[in-house]
Amino acid sequence: MIRKLAYLVVLAAIVGGLAFWFLSAPKPLGATALAALPEGDAARGELVFWAGGCASCHAADNAEGDDKLKLGGGHVLASDFGDFVVPNISPDPQHGIGQWSKDDFANAMMRGVSPDGENLYPSFPYTSYARMSDGDLSDLWAFMQTLPAVDNDPGPHRLGFPFNIRRGVGLWKLLYADETWVVKVDEADEKLVRGRYLVEALGHCGECHTPRDFAGGVKRDLWLAGAPNPDGQGRIPNITPGGAIADWSEADIAYYLESGFTPDFDSVGGSMVDVQENMAKLPASDREAIAAYLKAIPAHANR
């Protein structure tokens, strides 16, 4: 009886291990999707770069001017799971992504899979970038090729067990990697559709402005309702029509994104400074689209 029970335990362990290995496997884009990627345009890609906030994390802390285009990494993102060290994504062949192909880049951005076939941690917001269009993805890749190589090794993430097991991220993806749009809008309204794309995909605003559950998954039912500040001070504000900007008009929001000034003549602060400076580089129509979307989404009370 004991021997039979031991066999069953071993069998269950084997079956469980195989299930874990299968379910957690990285799932890159298929050959058909990769072959369909168009040729990119670097000029258009620059706007995608600023909308996506690439420099905000990957440039050196407090970088200004052209130094924002030096994406040597090193910034530390603190979390309950440990410290995520932002990687070098400059064209440097040793420490950056200089040896990546466009297919490698697409798999990282859209599926969170590295060129080595490993799961990337969702501190890199591929769960939002997965909604990007093929054209914007290719344009961004073209622009990235024009940036300076930075010889800097940021070092590895500083994570404890079990979070240091990348394979386990595959299970996290099964639960939280949802490429569908969070908010339904009138698909005939080009302004709202563009605003949703900028907020939910390129701008990945929900990654900071939406609360998360115990496993770090975004609570889609509280979209943009505010969240704890990962820096440990204060909260990331609620930016739904029931939150911090409830009394702002669309024009107020668009002007804030352009100038950094609120309707009360206060100025942008904290990590939002980088975001606002990025948004100021976009066409006015994009800032207006973001404002229209933020006024149209479901309202949540401040928490």
Side-chain angles (χ1 to χ4, degrees), residues 34 37-78 83-116 118 120-126 128-130 132-158 198 201-204 207-208 257 260 268 270-283 286:
L34 292 172
L37 292 174
E39 287 298 315
D41 179 274
R44 292 196 303 263
E46 183 175 5
L47 289 178
V48 180
F49 176 85
W50 294 118
C54 308
S56 298
C57 280
H58 291 277
D61 290 341
N62 303 313
E64 298 287 346
D66 289 343
D67 285 342
K68 287 189 173 184
L69 300 178
K70 299 176 181 178
L71 307 181
H75 178 69
V76 176
L77 299 171
D83 292 340
F84 293 97
V85 181
V86 177
N88 182 337
I89 60 167
S90 79
D92 184 75
Q94 181 176 1
H95 301 303
I97 62 173
Q99 297 188 44
W100 286 26
S101 66
K102 183 165 74 171
D103 289 357
D104 293 333
F105 184 70
N107 276 317
M109 293 288 290
M110 307 292 280
R111 292 298 180 88
V113 177
S114 76
D116 295 331
E118 290 188 319
L120 297 174
Y121 287 104
S123 52
F124 170 49
Y126 52 78
S128 292
Y129 292 150
M132 287 178 66
S133 69
D134 288 351
D136 278 353
L137 179 75
S138 295
D139 291 343
L140 178 58
W141 173 248
F143 178 70
M144 298 284 283
Q145 306 314 297
T146 71
L147 301 181
V150 180
D151 181 14
N152 178 55
D153 181 5
H157 299 310
R158 300 189 288 268
L198 289 165
L202 293 188
H204 58 279
E207 302 288 346
C208 283
L257 294 174
V268 63
S271 57
M272 189 62 193
V273 171
D274 278 341
V275 178
Q276 182 274 314
E277 290 178 349
N278 292 338
M279 293 297 144
K281 293 180 171 64
L282 302 183
D286 278 350

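These figures come from a predicted structure and were not determined experimentally.
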Within the 4.5 Å heavy-atom criterion, are Leu147 and Phe49 side-chain neighbours or not? yes
Could you check Phe143, Trp141, Tyr126 and say which one makes a ring-ring contact (aromatic ring centres under 6.0 Å, His included) with Phe105? Trp141
Tell me whether Asp66 at atom CG has more than 12 heavy atoms from other residues, nucleotides or ligands lying less than 6.0 Å away. no
According to the salt bridge (charged side-chain N to carboxylate O under 4.0 Å, His left out) rule, which pairs have a member within residues 44-60, sequence neighbours left out? Arg44-Asp139
Donor-acceptor pair, Asp41 side chain versus Ala43 backbone, under 3.5 Å? yes
Treating His58 as the side-chain partner and Gly73 as the backbone partner, does any N or O pair qualify as donor plus acceptor under 3.5 Å? no
Does the side chain of Arg158 reach to within under 4.5 Å of the side chain of Val76, using non-hydrogen atoms? yes
Decide yes or no for Pro38 and Asp134: does some side-chain heavy atom of the first lie under 4.5 Å from some side-chain heavy atom of the second? yes
Looking only at heavy atoms, what is the nearest atom pair of Leu37 and Ser138, with distance? CB-OG, 3.9 Å
Closest heavy-atom contact between Ala201 and Met132? CB-N, 4.3 Å
Across all chains, not counting sequence neighbours, the side-chain contact (heavy atoms from CB on, under 4.5 Å) partners of Gln94 are Asp92
Got a sec: does the NZ of Lys68 have more than 12 other heavy atoms crowding it under 6.0 Å? yes
Suppose we call two aromatic rings close when their centres sit under 6.0 Å apart. Are Tyr129 and Phe124 close by that rule? yes
Nearest heavy-atom contact between Trp50 and Ala55 is CZ3-CB, 4.2 Å
Any side-chain heavy-atom pair from Val48 and Leu202 closer than 4.5 angstrom? yes
Apply side chain to side chain contact (heavy atoms under 4.5 Å, CB included) to Leu47 and Lys281, showing your working. CA-CA 7 Å; Leu47 289 178; Lys281 293 180 171 64; 5.6 Å; no
Flag, side chain of Asn88 to backbone of Val150, donor-acceptor distance under 3.5 Å: yes
Minimum heavy-atom distance Trp100-Ala108, with the two atoms named: CZ3-CB, 3.7 Å
With heavy-atom distances below 4.5 Å as the criterion, would you say the side chains of Met272 and Leu257 are in contact? yes
Heavy-atom neighbours of Gln145 CD exceed 12 at 6.0 Å: yes
Taking every heavy atom of Gly72 against every heavy atom of Asn152, the minimum-distance pair comes out as O-ND2, 2.9 Å
Point-to-point distance, once rounded to the nearest 0.5 Å, from SG of Cys54 to CG of Leu71: 7.0 Å
What's the shortest heavy-atom distance between Asp83 and Ala78, and which atoms? OD1-CA, 3.6 Å
Determine whether a donor-acceptor pair (N or O, by modelled atom type, separation under 3.5 Å) exists between the side chain of Ser128 and the backbone of His204. no
